[in-house]
2 protein chains.
Amino acid sequence: MTVTLRCALRGARAVEQASKGDGVGGFPGCKPAAPHFYPITTTCLYSETIIPYYAAMQKAVRRSQASVRPPGRPREFDMDTALDRALRVFRERGYHATSIGDLTSAMRLATGSVYKAFRDKHAVFLAAFERYTGLRQEQTRSAAARGENGRERLRNVLLSYVEHSQGIEGRRGCLVVGSAVELSAVDPAIRARVEAQLKTNEDFIAGLIHEGHADGSIPGHVDAGDTARLMICITQGMRVVGKARLPLDGPRLVGVAMKLLA
Amino acid sequence: MTVTLRCALRGARAVEQASKGDGVGGFPGCKPAAPHFYPITTTCLYSETIIPYYAAMQKAVRRSQASVRPPGRPREFDMDTALDRALRVFRERGYHATSIGDLTSAMRLATGSVYKAFRDKHAVFLAAFERYTGLRQEQTRSAAARGENGRERLRNVLLSYVEHSQGIEGRRGCLVVGSAVELSAVDPAIRARVEAQLKTNEDFIAGLIHEGHADGSIPGHVDAGDTARLMICITQGMRVVGKARLPLDGPRLVGVAMKLLA
DNA sequence: TCTATTAGGGAATGATTGTTCCCGATTATC
DNA sequence: GATAATCGGGAACAATCATTCCCTAATAGA
């Protein structure tokens, strides 16, 4: 019914706006009332007790592995697979250009099933975003792990970024960049996540520089903070350039970028 | 003989329709139920005979200044002012999130008037894009002009980029970055323009490096091509980071970036 | 003054959108 | 077997979207 819809929308919006300001922890009705319904749009932005959809999902998986299955008919599709498929569409087309129809056909689910698993399109996007950042973080850290010292680890991270910015993967685009550009101006929930992710990445790079300071591979006068921020610009910029399909020569580009550590 | 605006439009459309390829994935906003009206997205990528709407406009203005006025009621609004207003909305919200209603209220025009002046929403965007790149190019070149040698000119360009990536202007965003991220994957016309603009910027930076080579302010071993491409990544990345509202310290950031010229 | 032509403006239109509703299916528990 | 609870799937819904239509106004030329 129309009234119901309007009320639900107004409610969600109100909660979101409220949490933007005061930062109330915990969100209503997430765990106890509806264990399979994850209203992450109402997640408190600055609370440290954010339980993103995906984390809640894993928790549910753990519970089911402990032979305590939630009541009702079990979910037939694999959530991660579905999110990966949603991810692909969102990365290629962005949020607004992706319709529910695009989403359902990509996820191979019916409309009703999507709305049973997620509150709305925004929640699907948020869940996809969490999954994306999780996967990317894993990839970046494993690239860093293949390095003898701070400098080499940083070089590997930059090379990994160039590779992901190129070819099919590059054309598909980065969801963080896409969200920053398309949504951060109008969507506080997205903006907070983008900001957090950029800060995480920056801290990671700054950490590698500090490691380089310690092991002697990076001169001590190289400012970790400033250099890391510039490198974030470089990596985000590479995703933009890669999306526009300009070729990027990894070794050459990274070779030049490594001058920043001189 | 006088070529009216409408004729110019029809001509442009004919060229675009003729050069329509196999239809590399339709434009998301385009409707299949308006067969007599084709979106601009079918423009041939590499045709050099594309005459964008706005260029035709300027031609018409020039002609009218030569006291040869086109027939019919004259336009009452200033095209550049209207485009500046459209620009602002497109930069803030992106293409898909900007409705015709947003556009008409921003441009202070009625729906019919917008559609009299432009073929469709896509054409408004394209015209706004052309105006944006024109204005930005002007700003960048004037920033470069305030420099004694190649190195100083390049520093000024980078500083100008940081300034534009910050604060309100930064939050508003760059239309080139926005177009690259949101549209270049599905819209060949936009992609071609984004690519061209990035190349233009890159060539400009490479030119400044060459000037530095010549005047001795930049060592000859600094590779102009590779360094310029990395600097394009930096500038585009700054726009992404600025859109996400992370603070950017111009002098510090540029100070680090100038190491690339060592 | 009449005609041709274009601009301004807003109502009308039809397609598409995100979302809800409903029904049958599947599971656990009683 | 009955009940409760959830899922899968698709039809139905209202809102919104981009676009067209139509009428009036303004200008040039005859």
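Order of the sequence lines sets the chain letters (A, B, ...), proteins ahead of strands, with each chain counted from 1. The figures here come from the full heavy-atom set of this structure, side chains too, leaving out hydrogens, waters and symmetry mates.
Rounded to a whole Å, the CG atom of A:Asp78 is 15 Å from the P atom of D:dC7. Rounded to an integer number of Å, the gap from A:Ile100 CD1 to C:dT19 P is 6 Å. When the P atom of C:dG18 is taken as reference, atom CG of A:Asp102 falls 8 Å away, rounded to whole Å. We find that CZ of A:Arg119 is positioned 17 Å from P of C:dG18, with the value rounded to whole Å. The separation between B:Phe118 atom CZ and D:dT20 atom P is 15 Å, rounded to whole Å. Between B:His96 atom NE2 and D:dT16 atom P the separation is 19 Å, expressed in whole Å. Atom CZ in A:Phe125 sits roughly 14 Å away from atom P in C:dT19 (whole-Å rounding).
Interatomic distance, CG of B:Leu109 versus CZ of B:Arg75, reported as 9.0 Å (0.5 Å rounding). Residue B:Leu83 holds its CG atom at 7.0 Å from CZ of B:Arg131, rounded to the nearest 0.5 Å. A distance of 8.5 Å separates CG of B:Asp187 from CZ of B:Arg193, quoted to the nearest 0.5 Å. Atom NE2 of A:His96 and atom NZ of A:Lys121 lie 6.5 Å apart (nearest 0.5 Å). With values rounded to the nearest 0.5 angstrom, A:Asp84 atom CG is found 10.5 Å from A:Arg88 atom CZ.
Ionic pairing of B:Arg91 and B:Glu169 is present here: one or more N-O contacts between side-chain nitrogen and carboxylate oxygen are shorter than 4.0 angstrom. We find that B:Glu195 and B:Lys199 are joined by a salt bridge, their nearest charged nitrogen and carboxylate oxygen being less than 4.0 Å apart.
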Just the table, please: protein N/O against nucleotides 8-10 of chain D N/O, every pair under 3.5 Å.
from	atom 1	to	atom 2	distance (Å)
D:dG8	OP1	A:Glu76	N	2.8
D:dG8	O4'	A:Arg73	NH2	3.4
D:dG8	N7	A:Lys116	NZ	3.3
D:dG8	O6	A:Lys116	NZ	3.0
D:dG10	O6	A:Gly112	N	3.4

Below 3.5 Å is the cut-off: list the nitrogen or oxygen pairs between protein and nucleotides 28-30 of chain C, distance only.
none

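Using a 4.0 Å heavy-atom cutoff across all strands shown, A:Thr104 reaches no nucleic acid atom at all.
Remark: A:Arg141 is positioned above the aromatic ring of A:Phe204, its terminal NZ or CZ atom under 6.0 angstrom from the ring centre and at most 45 degrees off the axis.
Looking at residues two or more places apart in sequence or on another chain, you find a ring pair (Phe, Tyr, Trp, His ring centres under 6.0 Å) between A:Phe125 and A:Phe90, A:Tyr95.
Contact between the side-chain N/O atoms of A:Tyr115 and the OP1/OP2 oxygens of C:dT19 is found at a separation under 4.0 Å.
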